[in-house]
Amino acid sequence: MEDRFEMVAKTFQGLEEVLAEELRSLGAVNVEPGRRMVSFEGTLETLYRANLQCRTALRILKPFYSFRAKDADTLYEHVKEYDWSKILDIDKTFAIDTVTNSDEFKHSRFVTYRVKDGIVDWFKDRFGEDKRPGVRLQDADVMINVHINGTAVTLSLDSSGESLHKRGYRVAQTEAPINEVLAAGIILRSGWRGDCPLVDPMCGSGTFLIEAALIAANINPGIYRKGFAFERWADFDAELFESIYNDDSNEREVRFKIYGADISPRAIEIAQKNIKSAGVGKYIDLERRAISAWTEAPKPAGVLVTNPPYGERISAPDMDALYKTIGSQLKHVFTGYHAWIIGYRDEYFARIGLAPSEKIPLYNGALECSLREYIIFDGDRKSFVRQGGKIGKGPRESARAERTERGERGERPARRGGSERQFRGERYDRPERPGRQQSRPTTPAQPEAEPENPLAKRRNPHALKMLTGRQPSLKPMEGPMMRSRGWKKKGSSSKPDTDNE
């Protein structure tokens, strides 16, 4: 039986249970949610799948050395005692990322320097003054995560490299796009799995739309990335990862459309480019439309999810009026929908004029936000409850109840592990291959001058023919606000992208 080892998946506060459920569905065992993290156990295959398939993980860590240190000298001595030949070679490079939550170690940069000194001096003592691995801030061969909680120190290998929210499909962005992991987590938290329409009436750069399409089609979010840090590890199993990477047997047909709109022509152009880059255009209807211009919602009733301006980095001329309009449109247009809105200020939420059935604290960047669910029903609240409607039962229950009434299903895995381990007690506060000629090279590719659909480079061509070359459908527009959409019909030349942000 393949060796099983401990891992830690980092995520945003508020998404721990969602990530735990994802990990269980991948076959992870002893899954235990913590604060901004989930600890679990699995094999090398589990590690590869977690990086490739988890939608709500920011990075996957593999702990390898734990100890206690009360000061910098003790920290240095413990680091120097470890046999670093297990992790590094002299001709390799390494980088260190440090997270501290400790009165003894208040400055993460100083901790990084002391850990670096301990590693370098271990090699110097054994191989000579000039024999040591190099330090490299970007694209290092080995990435080491240092986590200190009080006096407890844990060193881990970072298997992901760049944060997993950097999917690889985003080629342009609006001023304050929502993080991809946060967007996917909100959609999964709502209970939506593609079994009804999904609408984002203020879509910005299209992140909710793309993540929804990936969820509905069950496309792995990691397929767009150029590489993972574990591909540079000494024990990297290229054949195993290739088999996981090229397996698209779980992908499925999308039964309901995803609808996106925004008042800004520039936002629509940007969303257009990102949707094209992700290769999911055939699942999405996109148009320029103000929230106030919606007169009819897609049928059957589904899920609305959106990230309106907070009045911080992005604002509207009249924020009170904007949120009042959102509430009015929910009540009069989106009847029967479950609406999920992430926002920052309570006074703006109050302008919506509806009582939320669920309030979930979430961070959007540095802002402590709130995700709120509004169940939009006909008539008054008492009548809705008398007729069997459920309010305030949590996102899974309310979403499933809605789907059950439509004769649809939304089962989810329920396995849980239970053993305790020393590492789980800590707090986490932040964050080529043989056999296929079409596979990407084992070394990470250099960024290309012109963005192009990464699916065309990385996926099995046989799995691509239904995805690539598709554009989001745009309804025709008239009047002076009409702008170039940045793409043309198949067979015609394309105008180069000119947006820079």
Check: Counting distance only, does the side-chain N/O of Glu16 pair as donor-acceptor with the main-chain N or O of Met37 below 3.5 Å?
Finding: no
Notebook entry, point to check: Please walk me through it: do Ser205 and Arg170 pass side chain to side chain donor-acceptor pair (under 3.5 Å)?
Noted result: CA-CA 9 Å; Ser205 60; Arg170 192 192 293 276; 3.0 Å; yes
Check: Which atom names give the shortest non-hydrogen contact between Phe208 and Asp200, and what distance separates them?
Finding: CD1-OD2, 3.5 Å
Item checked: Nearest heavy-atom neighbours spanning Pro33 and Ala20 -> CG-CB, 3.8 Å
Next item on the list: Let me see the working for Phe110 and Phe105 under ring pair (Phe, Tyr, Trp, His ring centres under 6.0 Å), right down to the final yes or no.
Entry: CA-CA 8 Å; Phe110 180 67; Phe105 301 95; 8.3 Å; no
Item checked: Residue pair Thr43 / Glu45, side-chain donor-acceptor N/O under 3.5 Å -> no
Margin query: I'd like to know if the side chain of Ser102 and the backbone of Gly150 have a donor-acceptor N/O pair within less than 3.5 Å.
Written below: yes
Checklist line | Arg167 bridged to Glu211 by N-O distance under 4.0 Å | finding: yes
Check: What do the steps show when you test Ile186 against Leu362 for side-chain contact (heavy atoms from CB on, under 4.5 Å), and what is the final call?
Finding: CA-CA 9 Å; Ile186 290 172; Leu362 287 177; 3.9 Å; yes
Checklist line | Least distance between heavy atoms, Tyr245 atom then Ile223 atom | finding: OH-O, 3.1 Å
Item checked: Positive for side chain to side chain contact (heavy atoms under 4.5 Å, CB included) with Leu19, one of Thr56, Leu188, Leu58 -> Thr56
Notebook entry, point to check: Does OH belonging to Tyr82 count more than 12 external heavy atoms closer than 6.0 Å?
Noted result: yes
Next item on the list: Look up atom OG in Ser159 and atom CG in Leu47, then write down how far apart they are to the nearest 0.5 Å.
Entry: 4.0 Å
Check: How many angstroms lie between OH in Tyr363 and CG in Asn179, if you round to the nearest 0.5 Å?
Finding: 15.0 Å
Check: Does Trp84 use its side chain to pair, donor to acceptor, with the backbone of Val79 at less than 3.5 Å?
Finding: yes
Notebook entry, point to check: In Å and rounded to the nearest 0.5 Å, what is the CG to CD distance from Asn218 to Glu251?
Noted result: 7.0 Å
Next item on the list: Output, in order, the C-alpha distance, side-chain angles, deciding distance and verdict of side chain to side chain donor-acceptor pair (under 3.5 Å) for Ser85 and Asp83.
Entry: CA-CA 6 Å; Ser85 64; Asp83 181 2; 2.5 Å; yes
Note to self: To the closest 0.5 Å, what do you measure between CD (Glu162) and CE (Met143)?
What the structure shows: 8.5 Å
Notebook entry, point to check: Taking C-beta and beyond as the side chain, do Thr154 and Tyr65 meet within less than 4.5 Å on heavy atoms?
Noted result: no
Checklist line | Thr74 and Asp71: CA distance, side-chain angles, deciding distance, side chain to side chain donor-acceptor pair (under 3.5 Å) verdict | finding: CA-CA 5 Å; Thr74 309; Asp71 54 44; 2.7 Å; yes
Next item on the list: Taking the six-membered ring for Trp and the single ring otherwise, decide whether the centroids of Phe241 and Phe230 are under 6.0 Å apart.
Entry: yes
Check: For Glu368, does the CD atom have more than 12 heavy-atom neighbours from other residues, nucleotides or ligands under 6.0 Å away?
Finding: no
Checklist line | Residues in side chain to side chain donor-acceptor pair (under 3.5 Å) contact with Asp121, at least two apart in sequence or another chain | finding: Tyr76
Checklist line | Face-on cation placement of Lys131 at Phe123 ring, 6.0 Å and 45° thresholds | finding: no
Check: Got a donor-acceptor contact below 3.5 angstrom from the Asp237 side chain to the Leu240 backbone?
Finding: yes
Notebook entry, point to check: Is NZ or CZ of Arg372 both nearer than 6.0 Å to the six-membered ring centre of Phe349 and within 45° of the ring axis?
Noted result: yes
Notebook entry, point to check: In Å and rounded to the nearest 0.5 Å, what is the CD1 to SG distance from Ile284 to Cys203?
Noted result: 9.0 Å
Next item on the list: Please round to the nearest 0.5 Å and tell me the distance separating atom CG of Leu182 and atom SG of Cys369.
Entry: 8.0 Å
Margin query: A side-chain contact here means heavy atoms from C-beta on lying under 4.5 Å apart; do Asn220 and Ile244 qualify?
Written below: no
Notebook entry, point to check: Under 4.5 Å between any side-chain heavy atoms of Met7 and Ser39, yes or no?
Noted result: no
Notebook entry, point to check: If you take all heavy atoms of Pro63 and Ser156, which pair is closest and at what distance?
Noted result: CA-OG, 3.3 Å
Margin query: As a quick check of understanding, evaluate side-chain contact (heavy atoms from CB on, under 4.5 Å) for Asn30 and Phe40, giving each step before the final call.
Written below: CA-CA 5 Å; Asn30 294 329; Phe40 63 102; over 6 Å; no
Next item on the list: Would you check if Arg55 and Val181 make a side-chain contact, meaning some heavy-atom pair closer than 4.5 Å?
Entry: no
Next item on the list: State whether a side-chain donor-acceptor pair under 3.5 Å links Arg68 with Thr151.
Entry: yes
Notebook entry, point to check: Hey, is Arg4 close enough to Glu41 for a salt bridge, meaning N to O under 4.0 Å?
Noted result: yes
Notebook entry, point to check: Sub-3.5 Å donor-acceptor pair from the side chain of Ser277 to the main-chain atoms of Tyr169, do we have one?
Noted result: yes
Next item on the list: Could you tell me whether Glu269 and Lys273 make a salt bridge, using a distance below 4.0 angstrom between a side-chain N and a carboxylate O?
Entry: no
Check: Quick one: does Leu209's side chain get under 4.5 Å of Leu286's, heavy atoms only?
Finding: yes
Next item on the list: Run the numbers on Val280 and Ile275 for side-chain contact (heavy atoms from CB on, under 4.5 Å), then give the verdict.
Entry: CA-CA 6 Å; Val280 293; Ile275 292 168; 4.2 Å; yes
Next item on the list: Could you go through the side-chain contact (heavy atoms from CB on, under 4.5 Å) check for Asp97 and Ile144 one step at a time?
Entry: CA-CA 6 Å; Asp97 178 48; Ile144 299 168; over 6 Å; no
Check: Below 4.5 Å, heavy atoms only, C-beta onward: do Val153 and His147 meet side chain to side chain?
Finding: no
Next item on the list: State whether the side chain of Arg49 and the backbone N or O of Leu23 hold a donor-acceptor pair below 3.5 Å, judged by distance alone.
Entry: no
Next item on the list: Mind listing the closest non-hydrogen atom pair of Asp158 and Gly161 along with its distance?
Entry: OD1-N, 3.3 Å
Notebook entry, point to check: If you take all heavy atoms of Thr207 and Ala183, which pair is closest and at what distance?
Noted result: CG2-CB, 3.8 Å
Check: Do Leu164 and Cys54 touch side chain to side chain, with heavy atoms closer than 4.5 Å?
Finding: no
Check: Taking the six-membered ring for Trp, is the centroid-to-centroid distance between Phe256 and Tyr283 below 6.0 Å?
Finding: no
Check: So does Asp130 have more than 12 non-hydrogen atoms from other groups sitting under 6.0 Å from CG?
Finding: no
Check: So, Asp262 and Ser264: side-chain donor and acceptor under 3.5 Å apart, yes or no?
Finding: no
Checklist line | Charged N-O contact under 4.0 Å between Asp117 and Arg114 | finding: yes
Item checked: Check against ring pair (Phe, Tyr, Trp, His ring centres under 6.0 Å), Tyr48 and Trp233 -> CA-CA 12 Å; Tyr48 294 169; Trp233 290 2; 8.2 Å; no
Margin query: With side chain to side chain donor-acceptor pair (under 3.5 Å) as the criterion, how do Asn101 and Asn149 come out once you've worked through the C-alpha distance, each side chain's angles and the decisive distance to 0.1 Å?
Written below: CA-CA 5 Å; Asn101 179 24; Asn149 182 53; 3.2 Å; yes
Next item on the list: Side-chain contact test, heavy atoms from C-beta onward, threshold under 4.5 Å: evaluate it for Trp340 versus Leu304 and give yes or no.
Entry: no
